[in-house]
Trainee: 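Starting off with a structure, shown below.
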Amino acid sequence: MSSQPAVMDTASDRRRWIALAIVMTAAFMDLVDVTIVNIAIPSIERDLGASFGAIQWITAGYALAFAAGLITGGRLGDIYGRRRMFLIGITGFTLASALCGFAANEEMLVASRLLQGATAAMMVPQVLAIIHVTFPAHERGKVFGLFGAVIGLGAVSGPLLGALLTQWNLFGLEWRPIFLINLPVGIAGLILGRKFITESRAPKALKLDLVGVALVTLGLLMLIYPLTRGRELGWPLWGHLCMAGSVLVFAVFVAYEKNKTRRDGSPLVELSLFRVKSFAAGIAVQLTFGIVMGIFFLVWTLYMQTGLGWSPLRAGLTGVPFSIAVSAAAGLSVQLLVPRFGRKVLQAGAVTMVAGLLLYIWEAGRYGTEIHSWQMALPLVIMGLGMGLIVAPLTDAVLSEVPREHAGSASGLINTTGQMGTALGLGLVSVVFFGSIDEGRIAPSEMGTAFAEAFQTSLWWVAAVLVVIFLVMFALPARPKQHVEGADPQGDADAGGEAGGEASAEREPVLAH
């Protein structure tokens, strides 16, 4: 096969590990930026005199712009080059971070956060796509293990880093360093990325599907905006109508994409990917797991800071055992456990997380508002181990049989699905957490106890969703399969028509230094 030497060159090139460090740092920067702002909200509110509506947009605007642009960002990488789009994305993200850090008023900060989310949507899908096309199949397990560790570290280090930077009040800048810290990281990523990341794109010429972009962006906004703002606005009727209407928009999108595929072969989303069983099942798990993350992390923060009255720094430090456990388990799961036990590892992760949740529920009820950080360590470690067993193998499972020319599109779908799940989880918080508090008309003196009880109720919901995840995981392949370039063409011939022998040559990336 004519393209094989390029793959061998890439596999033997040590520069790919530097490229991996660069794209993982960018992914970490995005993960931290999602959570770091929440800790600094009181400081931003005081400094800028920001209104409640502006505060909501500072937090929700990033998520909205990010989720709405992920699929498009992934496809742009397939068409124009993943390295190019990554560099454009990280440049825009760095500039937007500077604008956030130097914002003179609430309007400028909201606009800068929207820009930050939009540029992150160009940058983040390229991370998984670059990994997918840069590393040969036998190394990807190790690489996705590292990626899972980064996810776990980024998920809980944001609040800790935000608490430290805000509390230190560096140079009298108060909250601004939480954004300005991205500048040296982004500049270094841009310089090193230009030198060490190898360019890749789909070998077949593709066109940007502008109608598809408009439909998927509209559908995502109609779903995610009401979920993000629903509780603050009192769950108005138009919000429910928007969410219901998004289903119709997505149906129109699917019909249009099918027609676009038949017409010119350049759809925004390769619907044939969903005929690959591992991809479809992995996307379903990703969606439900996003719901778990959306519920847990928000109610956990509210429980510690509002219910227990802990400082942001104490709350951030309490999450350190969780972060360490996720990172450790993520590395072990892909490299040692999944090759031997297959999907049972992911299912064991779901069961382990449920065990940690049940222990946490018991402790929250047993100790009430007198609970200490060290008493939370054991359930958090158990939950972290369970999460680590899921996040890294799941990414590998979803992408393992995806044709390389659609790596960007698939990566955008993975990230978008996770964001949609998180948004659904955040919407459910209004029901499972705030609902039980609002119903009681609680006196201020009883607020801590009420938050502890609402926290326990929320964790029961999280445990129930994890049981659903456990069942959905039966649709994943029982054993890990080889990645597409090493797969048996005959065995994969029915996977959406993408694995036939005649298509094998198209699976190799177009590479250029």
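Predicted model only: the values in this text are computed from it and were never measured.
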Trainee: Quick check: do Phe66 and Gln116 have side-chain heavy atoms less than 4.5 Å from each other?
Mentor: no
Trainee: Between Ala329 and Gly384, which heavy-atom pair has the shortest distance, and what is it?
Mentor: CB-O, 4.5 Å
Trainee: Once the angle between the rings of Phe322 and Trp300 is folded into 0 to 90°, is it parallel (under 30°), tilted (30 to 60°) or perpendicular (over 60°)?
Mentor: tilted
Trainee: Are Pro125 and Phe86 close enough that some pair of their side-chain heavy atoms sits under 4.5 Å apart?
Mentor: no
Trainee: Checking Ser200 against Arg82: is there a side-chain donor and acceptor pair closer than 3.5 Å?
Mentor: yes
Trainee: Tell me whether Arg83 contacts the main-chain N or O of Ile197 through its side chain, where contact means a donor paired with an acceptor under 3.5 Å.
Mentor: yes
Trainee: Taking Ser246 for the side chain and Met243 for the main chain, is one N or O donor matched with an acceptor at less than 3.5 Å?
Mentor: yes
Trainee: Please confirm whether the backbone N or O of Ile131 pairs with a side-chain atom of Thr134, one donor and one acceptor, at under 3.5 Å?
Mentor: no
Trainee: Name the atoms and distances for all side-chain donor-acceptor pairs under 3.5 Å in residues 287-297, with sequence neighbours left out.
Mentor:
{"from": "Thr288", "atom 1": "OG1", "to": "Ala284", "atom 2": "O", "distance (Å)": "3.1"}
{"from": "Thr288", "atom 1": "OG1", "to": "Val285", "atom 2": "O", "distance (Å)": "3.0"}

Trainee: Please confirm whether the backbone N or O of Arg84 pairs with a side-chain atom of Glu199, one donor and one acceptor, at under 3.5 Å?
Mentor: yes
Trainee: Is it true that Arg113 and Glu106 make a salt bridge, defined as a side-chain N closer than 4.0 Å to a carboxylate O?
Mentor: no
Trainee: Taking side chain as C-beta onward, heavy atoms only, is Ile469 less than 4.5 Å from Leu466?
Mentor: yes
Trainee: Which atom pair, heavy atoms only, marks the closest approach of Gln126 to Gly73?
Mentor: NE2-O, 2.7 Å
Trainee: Are Met222 and Val249 packed together at the side-chain level, in the sense that at least one heavy-atom pair is separated by less than 4.5 angstrom?
Mentor: yes
Trainee: Taking the side chain as C-beta and beyond, is there a heavy-atom pair between Phe28 and Val185 under 4.5 Å?
Mentor: no
